[in-house]
Amino acid sequence: MSEKKKAVYKPKPVSGFPEWLPEERLVEQKWFDHIRRIFERYGYCSIETPSVEELDVISAKGEVDKEIYVLERLHKDDEDDSEARLALHFDQTVPLARYVAQHFNDLVFPFKRYQMQRVWRGERPQAGRFREFYQCDIDVINVDNLPLHFDAEMPAIMWEILSGLPGMEKQNIRMRISNRKILLGIFEKYGLSNSSEILSLIDKKEKIPSAHFQKKLQTLINEGELYNEDIDRKLILSILTKLTEKEFSSAKEIKERIKEFGNKLIPKTREGIEELSFVMDQLSHLPKGAVMADLSIVRGLDYYTGTVYETVFLDDPSYGSICSGGRYDDLAGSYINKHLPGVGISIGFSRLFDRLRRQGAFETTRKSPADILMILYTEERRSEAAATARMLRDRNYNVELYHAPQKIKKQLSYAERKGIPYVWFPPFEDGQPHEIKNMAEGTQAEADPQNWEKDQK
RNA sequence: GCGACUGUAGCUCAGCGGUAGAGCACUCGGUUGUGGUCCGAGAUGUCGCGGGUUCGAACCCCGUCAGUCGCCCCA
């Protein structure tokens with residue numbers, strides 16, 4: 001051997017591109033299984049779209065202020081611009097819109113699909129913020145009209161999923177729902193030149209001390225240029241304050257709240273309130289406090305036109321939303337000459353998973369999917385050990401046959417380190433019994449590979 | 001894109017001008033057919049990178065890159 005040191009490129013993680021150890025990945029897979037099972041329980045079908053879309057598809061809706069990753073060949077010629085420019089998708093809604101438009105004639109409507117894929121955003125990574133991460137989306141798209149019941153189905157499905165994920169038992173989360181028509185209606189009636197600034201402030205309400213928020217809201221309303229000079233700025237402030245200062249647990253409460261404004265609200269706002277009330281009514285079967293109506297929810301994506309959702313940890317709302325979405329009037333209009341309204345919601349899978357992982361909210365003792373490690377004494381007894389392993393695999397157990405006839409001590413230590421719960425001892429000599437050892441209990445007993453059952457947990 | 005802070009062993013960090021350290025993890029051993037604990041031994045570093053100051057730099061200065069956190073925005 002040469003004494004010279006081999007040059008190594010010291011590996012380091014790429015920030016914002018997470019990867020997990022086997023024991024964490026095992027839990028992640030359980031999460032995916034759980035989510036998939038419930039999506040399918042409600043009749044949603046699975047699709048997968050490519051990681052890339054043409055840049056034209058991604059930007060068809062107009063300006064894209066997302067940090068988009070663009071694909072480029074290392075070997076491309078400088079003057080070669082013949083190929084369409086490709087970009088990694090930053091969500092699953094745009095690819096869905098393209099997909100629906102493209103396969104319009106082959107799909108059955110209302111089209112209900114789920115999609116669990118990675119998406120990419122070139123933003124600055126932070127806790128709970130990645131550049132590559134999983135989203136689990138469900139959407140329903142229909143032609144011309146989409147019943148409002150679906151707006152209630154989205155959070156109902158998500159609540160069922162979130163509350164059943166391993167590790168979520170002790171988490172205190174809340175889904176918040178609003179309807180964009182409510183606030184947008186107010187601004188349509190009482191037009192203010194800086195309405196988007198005001199909306200952005202309202203959306204951040206939770207992060208700002210309330211006294212400070214009030215002052216800022218008032219300043220913005222006073223600064224804004226009115227489209228109609230007759231409008232009373234005090235009234236706008238009063239309406240906005242009343243509507244956004246607290247959460248509502250029921251439809252009744254919302255209506256109670258706006259009664260005093262009566263005819264001062266335009267039909268669009270009323271419509272929004274009616275829709276939100278309907279959705280809240282439909283969700284009354286969920287546990288108390290699980291879902292609240294909160295009119296301060298605005299949400300960034302510009303294609304939402306009605307219902308909007310977000311979900312936060314009550315003890316740490318600034319971590320960001322872990323499950324959000326909304327309704328859009330016409331998603332695929334940029335790709336097909338049809339009117340296709342939809343509603344969808346998405347789990348920020350990686351954000352949620354990483355938080356619980358860091359908190360140690362779920363067990364990560366198993367580094368292997370194996371239920372049983374099969375001991376190998378000597379090469380002479382290998383075929384018997386292998387046959388025993390096959391028998392157990394046929395009975396649906398995951399069995400790993402130890403790779404070399406090493407000391408038992410070593411084989412047990414291997415099982416221990418990988419978190420394999422059982423170790424199987426084939427007969428040491430012909431005529432002797434099989435034995436199974438429960439690693440956690442430290443107990444060992446005779447066993448028959450044809451009818452042994454693992455302990456019920 | 002802007003701001004603050006941080007880069008030393010696989011990980012967490014100490015050292016802050018005189019030739020690189022700890023804990024954890026890792027490998028081997030503590031004899032016959034049995035893990036975790038304990039004991040013993042061992043391996044491990046361009047002190048992020050480049051330049052400057054100095055007899056001498058992990059340490060001081062300048063630059064640069066990377067990371068973390070906040071802002072923006074969002075899952």
Side-chain angles (χ1 to χ4, degrees), chain A residues 5-18 21 63-68 89-93 115-137 158 162 173 196-197 200-201 203-204 207-208 297-302 304 308-313 318-326 344-355 365 373 375-378 381 402 405-429 432-433 435-445:
Chain A
K5 250 213 161 141
K6 212 171 52 173
V8 295
Y9 181 84
K10 198 174 167 182
K12 52 177 189 283
V14 181
S15 174
F17 292 77
L21 291 169
E63 30 79 63
V64 181
D65 58 347
K66 295 260 180 307
E67 285 279 355
I68 307 276
H89 57 233
F90 63 88
D91 71 3
Q92 294 180 126
T93 311
Q115 214 168 330
M116 311 201 290
Q117 292 183 232
R118 284 179 161 138
V119 304
W120 293 267
R121 292 184 195 174
E123 296 170 278
R124 266 265 181 297
Q126 265 168 51
R129 254 174 89 177
F130 302 101
R131 296 202 273 212
E132 175 180 73
F133 57 97
Y134 279 103
Q135 286 192 169
C136 305
D137 284 37
M158 285 307 183
L162 293 174
I173 58 169
S196 60
E197 230 177 304
S200 160
L201 174 72
D203 199 40
K204 264 178 238 134
K207 286 189 170 181
I208 314 171
I297 305 300
V298 180
R299 307 253 80 232
L301 290 175
D302 43 345
Y304 295 135
V308 285
Y309 318 99
E310 71 171 37
T311 312
V312 292
F313 290 100
S318 64
Y319 185 69
S321 177
I322 47 153
C323 180
S324 36
I345 191 166
S346 170
I347 302 176
F349 185 98
S350 304
R351 170 176 288 182
L352 182 59
F353 183 78
D354 189 43
R355 182 185 171 89
T365 44
L373 180 75
I375 294 285
L376 178 67
Y377 304 116
T378 60
R381 300 203 78 86
Y402 195 76
Q406 293 173 338
K407 290 183 178 172
I408 304 296
K409 187 188 180 78
K410 210 147 182 208
Q411 303 192 35
L412 276 168
S413 161
Y414 177 83
E416 159 72 21
R417 297 214 302 154
K418 285 186 94 169
I420 301 174
Y422 295 96
V423 172
W424 194 281
F425 295 85
F428 286 95
E429 288 165 32
Q432 291 192 337
E435 287 180 20
I436 181 92
K437 177 169 184 141
N438 178 326
M439 293 298 279
E441 307 293 326
T443 53
Q444 192 165 333

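Worth knowing before you read on, the calculation uses all heavy atoms, side chains too, and leaves out hydrogens, waters and symmetry mates.
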So which nucleotide does [N] pair with, by the Watson-Crick or G-U wobble rule with both distances under 3.5 Å?
N: G7(B); value: C65(B)
N: G35(B); value: none
N: C55(B); value: G18(B)
N: G42(B); value: C26(B)
N: G70(B); value: C2(B)

Distance check, [atom1] atoms only: [N] and [M], in whole angstrom units.
N: C47(B); M: G7(B); atom1: C1'; answer: 10 Å
N: A57(B); M: U19(B); atom1: P; answer: 12 Å
N: U64(B); M: C28(B); atom1: P; answer: 47 Å
N: G15(B); M: U8(B); atom1: C1'; answer: 9 Å
N: G3(B); M: G51(B); atom1: C1'; answer: 27 Å
N: U68(B); M: U32(B); atom1: P; answer: 49 Å
N: C65(B); M: G50(B); atom1: P; answer: 15 Å
N: G10(B); M: G17(B); atom1: C1'; answer: 30 Å

Rounded to whole angstrom units, what separation is found between the [atom1] atom of [X] and the [atom2] atom of [N]?
X: Asp137(A); N: C74(B); atom1: CG; atom2: C1'; answer: 14 Å
X: Leu201(A); N: C73(B); atom1: CG; atom2: P; answer: 11 Å
X: Arg355(A); N: A75(B); atom1: CZ; atom2: P; answer: 17 Å
X: Leu352(A); N: C74(B); atom1: CG; atom2: C1'; answer: 16 Å
X: Glu416(A); N: C26(B); atom1: CD; atom2: P; answer: 11 Å
X: Phe428(A); N: U32(B); atom1: CZ; atom2: C1'; answer: 12 Å
X: Phe425(A); N: G33(B); atom1: CZ; atom2: P; answer: 12 Å
X: Met439(A); N: U37(B); atom1: CE; atom2: P; answer: 12 Å

With a 4.0 Å cut-off on heavy atoms, is [X] in touch with a base, just the backbone sugar-phosphate, or nothing at all?
X: Ser346(A); value: nothing
X: Lys437(A); value: base
X: Gln432(A); value: base
X: Arg417(A); value: sugar-phosphate
X: Tyr134(A); value: nothing
X: Gln411(A); value: nothing

Report yes if a side-chain nitrogen or oxygen of [X] is closer than 4.0 Å to either non-bridging phosphate oxygen (OP1 or OP2) of [N]; otherwise report no.
X: Gln126(A); N: G70(B); answer: yes
X: Ser15(A); N: U68(B); answer: yes
X: Lys409(A); N: U32(B); answer: no

Next on the checklist: Please verify the inter-ring angle class for Tyr377(A) with Phe428(A); under 30° counts as parallel, over 60° as perpendicular, anything in between as tilted.
Outcome noted: tilted

Checklist entry - In terms of the angle between their ring planes, are His89(A) and Trp120(A) parallel, tilted or perpendicular, with boundaries placed at 30° and 60°? => result tilted

Item to check | Phe425(A) and Ile436(A): CA distance, side-chain angles, deciding distance, side chain to side chain contact (heavy atoms under 4.5 Å, CB included) verdict | outcome: CA-CA 6 Å; Phe425(A) 295 85; Ile436(A) 181 92; over 6 Å; no

Checklist entry - Has Tyr377(A) got its ring stacked on the base of G33(B), with centres under 5.5 Å and planes less than 30° apart? => result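 Answer is no, no stack.
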
If you only use heavy atoms from C-beta on, which nucleotide in [options] is closest to the side chain of [X]?
X: Ala127(A); options: G29(B), C69(B), U34(B); value: C69(B)
X: Arg124(A); options: A75(B), G35(B), C2(B); value: C2(B)
X: Lys410(A); options: C28(B), A75(B), C71(B); value: C28(B)

Next on the checklist: Run Leu352(A) and Tyr319(A) through side chain to side chain contact (heavy atoms under 4.5 Å, CB included) and show every step you take.
Outcome noted: CA-CA 10 Å; Leu352(A) 182 59; Tyr319(A) 185 69; over 6 Å; no

Next on the checklist: For Met439(A) and Val423(A): C-alpha separation, side-chain torsions, deciding distance, then whether side chain to side chain contact (heavy atoms under 4.5 Å, CB included) applies.
Outcome noted: CA-CA 7 Å; Met439(A) 293 298 279; Val423(A) 172; 3.7 Å; yes

Next on the checklist: Can you tell me which residue among Arg129(A), Gln135(A), Arg131(A) is in a side-chain contact (heavy atoms from CB on, under 4.5 Å) with Phe133(A)?
Outcome noted: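 Only one of Arg129(A), Gln135(A), Arg131(A) forms a side-chain contact (heavy atoms from CB on, under 4.5 Å) with Phe133(A), namely Gln135(A).
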
Next on the checklist: Does Tyr414(A) form a side-chain hydrogen bond (donor to acceptor under 3.5 Å, both in side chains) with Lys410(A)? I'd like the steps, not just the answer.
Outcome noted: CA-CA 6 Å; Tyr414(A) 177 83; Lys410(A) 210 147 182 208; over 6 Å; no

Checklist entry - Can you find a donor-acceptor N/O pair under 3.5 angstrom joining the side chain of Arg129(A) to the base of A75(B)? => result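 Between A75(B) and Arg129(A), which were checked side chain against base, a qualifying N/O pair under 3.5 Å is absent.
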
Checklist entry - Hey, is the side chain of Arg351(A) pairing donor to acceptor with the base of C74(B) inside 3.5 Å? => result yes

Checklist entry - Between Pro125(A) and Cys323(A), who's closer to the 5' end of RNA chain B by nearest nucleotide? => result Pro125(A)

Checklist entry - Can you check side chain to side chain contact (heavy atoms under 4.5 Å, CB included) on Ile347(A) and Met116(A), steps first, answer last? => result CA-CA 9 Å; Ile347(A) 302 176; Met116(A) 311 201 290; over 6 Å; no

